[in-house]
2 protein chains.
Amino acid sequence: MATIADVARHAGVAPSTVSYALSGKRPISESARRRIDDSIRTLGYRPHAGARALASSKSNVVALMLPLRDDMHVPTLLQFATGVVTAARGHDHDVLLLTHDEGGDGISRVATGSMADALVVMDVEREDARIPVLRTLDRPCVLIGVAGDAGELTSVDLDFVAAGELAVDHLAELGHRHVGLVGQPPSVYSRRTGFADRFIEGFTAASQRHGARVAVRPCEFTYAGVATAVEALLAELPELTALVVHNEHAAPMLLETLSSMGRKVPDDISIVSMCTDDVAERMRVPLTSIAIPAAEIGSRAVDMVMNKLHGREAPGLTLLPPRLARRDSTAAPTGR
Amino acid sequence: MATIADVARHAGVAPSTVSYALSGKRPISESARRRIDDSIRTLGYRPHAGARALASSKSNVVALMLPLRDDMHVPTLLQFATGVVTAARGHDHDVLLLTHDEGGDGISRVATGSMADALVVMDVEREDARIPVLRTLDRPCVLIGVAGDAGELTSVDLDFVAAGELAVDHLAELGHRHVGLVGQPPSVYSRRTGFADRFIEGFTAASQRHGARVAVRPCEFTYAGVATAVEALLAELPELTALVVHNEHAAPMLLETLSSMGRKVPDDISIVSMCTDDVAERMRVPLTSIAIPAAEIGSRAVDMVMNKLHGREAPGLTLLPPRLARRDSTAAPTGR
DNA sequence: TGCCACTGTCGAAGCGCTTCGATACAGCCA
DNA sequence: TGGCTGTATCGAAGCGCTTCGACAGTGGCA
């Protein structure tokens, strides 16, 4: 394996010159640069990451802590990850993968051991044990999600409050006055993962503003769970004409359940779903939906953490605005 | 940040002694060990990963190359990843995440730059451009999947041929003689990803053995795609009484499609599905299924790559035997 | 008592890179 | 011609660790 000294010898310059040619931190003559480039290519030289990290105290790695829980929607999760990896590579960084269950220990191992220059932490909860750890660290980090006590820590997320409002606004505009919310599984709420609560918050606020009557039910993603939730909502709101679904797994089951109950979508019941566009489009009835821009959130998180790494300021909390895509699952309620 | 020299000073020993205490490569007296441990704890010492990598030429990192394609079943993918990360941590290694689209370049960047000691590469295709690169590398690697020209490279995968056979064996045993296969999307076959072809191979071989008549159709995971596939299969095999589904996304759609055609499962049509157990159990009719033991494959891959890293031999190709879980979607065909 | 083997520890070299300060040289102006 | 500025390059130190060889001390055996 060639070293920088080999390259220097081959090109007839000092090792430091090669280093400067590589980093661009000092001017290099045209001729030297050419010889160095040639030598690098013919020797197949690649700098040793460890040596570089040692000398420069920069690892060019960002750590990504991913939850691997089965009550999360996995494809969305992977979109976050893709956004993070792609953006990181764009900043010439690699990504070290940590899982949620390593917790604060994993974070400090990677940070204190100088394996990573920066951290992106997903799926933060309202009261998250990792946040104190993050705060003691000297390394920049960005949270995906909104923690209650994030304080000065930088966070990015979809504006779930606005998403909840947007769903109701759309339905109210069409004339709906009785709207149910099919939520996430109970475990998600009891973990106090911020996004689920925030969605309900926006949903409720907008309903009040529009004078609509609403009901909310968590929902497991099994047929039985969906049926239970729908029955409970109908019992509470007999005149229900619209549903908002914040549960990617449950959406197809819901459609099937309603159809087996003889309720047509959108004629009898309108549906707005929180889900990615491709899921919405593949449904039996293509769903009007609000997507979580997961890849964008991931790449934004990396951009911000890079800003901090370079000493630039980053905002405390960034909430991306939701966008609603109209499809075939929403219509004005049929007069009765 | 404390260094090994700080620890040594604090404990009243030489830095090398601390190093040996940490690595266990030379005997250390009980008293020295205790003082060193104390010093490490009070100083919050953590070895610098880069320095360690430089001195020992070991990074304690394995690179994982993950495909992020949307025609793959993402939850399964993440199970592989989970298996890999968990096993790697068990071997005191971290995981560097690479995406498929970095290709051979990504592999050689990470390997030549000494960022990773070993590689796990997923989703290998019959003729994979990364394989020649892998072969020139001095680092151990393990493939997940079966490549045509893997040669002496180590590979792990589910035995998809056996899985195809197992599905047919089960149906034949029940008395089915006309069986259709609902396959992966066409793009998967045209990429020549081994697993899909191998499944068909086993399916076909077992059918011949049992004297069953069969038909095979690729299938997009849209309702239209599923309907098309089912119609084509029925046209080719009017007496069809059973379906094998090798397509996790399509399974629920298939169930719905059959029910809307008035065909009952399992009374009119039996179904065997390749999918994870939790997906199978959540279906309207719980599916008899063969699961891909993704997490186990992932952790096996890591175990093998670690063996190679320590100079132990690893087998060329490991195929895990499939297991079929009987649920409610298969029964003997009703006599006509 | 002398020798040997073993255990526990130390010091120093070296891993491959970055970076600081020094230096050589060219070109310019006075 | 002397002195100055600026550009391009070099040499050496040092980043924090591992590892090799050396060596002091201890105990056992002849």
Side-chain angles (χ1 to χ4, degrees), chain A residues 1-37 39-40 43-61 92 94 109-117 138, chain B residues 1-37 39-40 43-61 92 94 109-117 138:
Chain A
M1 207 119 294
T3 72
I4 201 172
D6 298 330
V7 174
R9 209 171 306 123
H10 189 270
V13 297
S16 50
T17 307
V18 176
S19 176
Y20 287 121
L22 248 34
S23 68
K25 292 190 180 173
R26 287 199 184 172
I28 297 289
S29 70
E30 191 48 44
S31 77
R33 160 153 290 134
R34 205 174 18 251
R35 273 177 299 139
I36 291 172
D37 284 352
S39 304
I40 287 179
L43 297 179
Y45 168 71
R46 193 87 51 131
H48 186 291
R52 190 169 253 195
L54 179 57
S56 67
S57 35
K58 272 179 223 136
S59 63
N60 274 39
V61 166
D92 194 31
D94 271 286
R109 177 168 55 80
V110 157
T112 318
S114 302
M115 308 199 68
D117 298 332
D138 52 333
Chain B
M1 207 119 293
T3 72
I4 202 172
D6 298 330
V7 174
R9 209 170 307 125
H10 189 270
V13 296
S16 52
T17 307
V18 177
S19 177
Y20 286 122
L22 249 33
S23 68
K25 292 191 178 170
R26 286 201 185 172
I28 297 288
S29 69
E30 190 49 43
S31 77
R33 160 154 290 134
R34 204 173 20 248
R35 275 178 296 137
I36 290 173
D37 284 352
S39 304
I40 287 180
L43 298 179
Y45 168 70
R46 193 87 51 131
H48 186 291
R52 189 168 253 194
L54 178 56
S56 66
S57 35
K58 271 180 222 135
S59 62
N60 273 41
V61 167
D92 194 31
D94 271 286
R109 177 168 57 80
V110 156
T112 319
S114 301
M115 309 199 66
D117 298 332
D138 51 335

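Chain A is the first sequence line, chain B the second, and so forth, proteins listed ahead of strands; every chain is numbered from 1.
In this structure, the NE2 atom of A:His48 is 19 Å from the P atom of D:dC15, given to the nearest Å. Protein atom CZ of B:Arg46 is 17 Å distant from nucleotide atom P of D:dG16, rounded to whole Å. To the nearest angstrom, P of C:dG11 lies 14 Å from CD1 of B:Ile4. Per the geometry, CG belonging to B:Asp6 stands 11 Å off P belonging to D:dC15, to the nearest Å. Distance NZ (B:Lys58) to C1' (D:dT19): 11 Å, rounded to an integer number of Å. Atom OH in B:Tyr45 sits about 10 Å away from atom P in D:dG16, given to the nearest Å. Spacing between atom CZ of B:Arg9 and atom C1' of C:dC10 amounts to 15 Å, rounded to whole angstrom units.
Set against D:dG16, C:dG16, D:dT19, the side chain of B:Ser56 has D:dT19 as its closest nucleotide.
With sequence neighbours left out, the side-chain contact (heavy atoms from CB on, under 4.5 Å) criterion links A:Ala116 to A:Val61, A:Ala63, A:Val110. Among residues two or more places apart in sequence or in another chain, the side-chain hydrogen bond (donor to acceptor under 3.5 Å, both in side chains) test is passed with A:Arg35 by none. Applying the side-chain hydrogen bond (donor to acceptor under 3.5 Å, both in side chains) rule to B:Thr112 yields no partners; only residues at least two apart in sequence or on another chain are considered. In this structure, the side-chain hydrogen bond (donor to acceptor under 3.5 Å, both in side chains) partners of B:Arg109, at least two apart in sequence or on a different chain, are A:Asp94, B:Glu102. Residues meeting the salt bridge (charged side-chain N to carboxylate O under 4.0 Å, His left out) test with B:Asp37, sequence neighbours left out: none. Every residue was checked against the side-chain hydrogen bond (donor to acceptor under 3.5 Å, both in side chains) condition with B:Ser16, not counting sequence neighbours, and none meets it.
Note on B:Ser19: a base of the nucleic acid sits closer than 4.0 angstrom, heavy atoms only.
Residue pairs meeting the salt bridge (charged side-chain N to carboxylate O under 4.0 Å, His left out) criterion with at least one partner in residues 22-32 of chain B, sequence neighbours excluded, are B:Glu30-B:Arg34. Each salt bridge (charged side-chain N to carboxylate O under 4.0 Å, His left out) pair with one or both residues in residues 3-18 of chain B, not counting sequence neighbours, appears once here: B:Asp6-B:Arg9. The list of side chain to side chain donor-acceptor pair (under 3.5 Å) pairs with a residue in residues 48-59 of chain B, not counting sequence neighbours, reads B:Ser59-B:Asp117.
In this structure, B:Lys25 reaches the D:dT19 phosphate: one of its side-chain N or O atoms is under 4.0 Å from OP1 or OP2. Within the 4.0 Å cut-off from OP1 or OP2 of D:dT18, at least one side-chain nitrogen or oxygen of B:Arg52 is found.
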Using nucleotides 24-27 of chain C, report all nitrogen or oxygen pairs with the protein that are shorter than 3.5 Å.
none

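Annotation: the terminal axes of the helix from C:dT1-D:dA30 to C:dA30-D:dT1 meet at 50°, where each axis is the rotation carrying the C1' atoms of four end pairs onto the next four (5 pairs per end, rounded to 10°).
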### Under 4.0 Å protein heavy-atom contacts per nucleotide of nucleotides 6-14 of chain D, with B for base, S for backbone only and - for none
--SBBB--B
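A donor-acceptor pair under 3.5 Å is formed between the side chain of A:Asn60 and the backbone N or O of A:Asp92.
Between B:Ser23 and B:Ala51, it is B:Ala51 whose nearest contact on DNA chain D lies nearer the 5' terminus.
Two residues are said to be in side-chain contact when any heavy atoms from C-beta on lie closer than 4.5 Å; A:Leu22 and A:Tyr45 meet this criterion.
To the nearest 0.5 Å, atoms CG (B:Leu43) and CD1 (B:Ile4) are separated by 12.0 Å.
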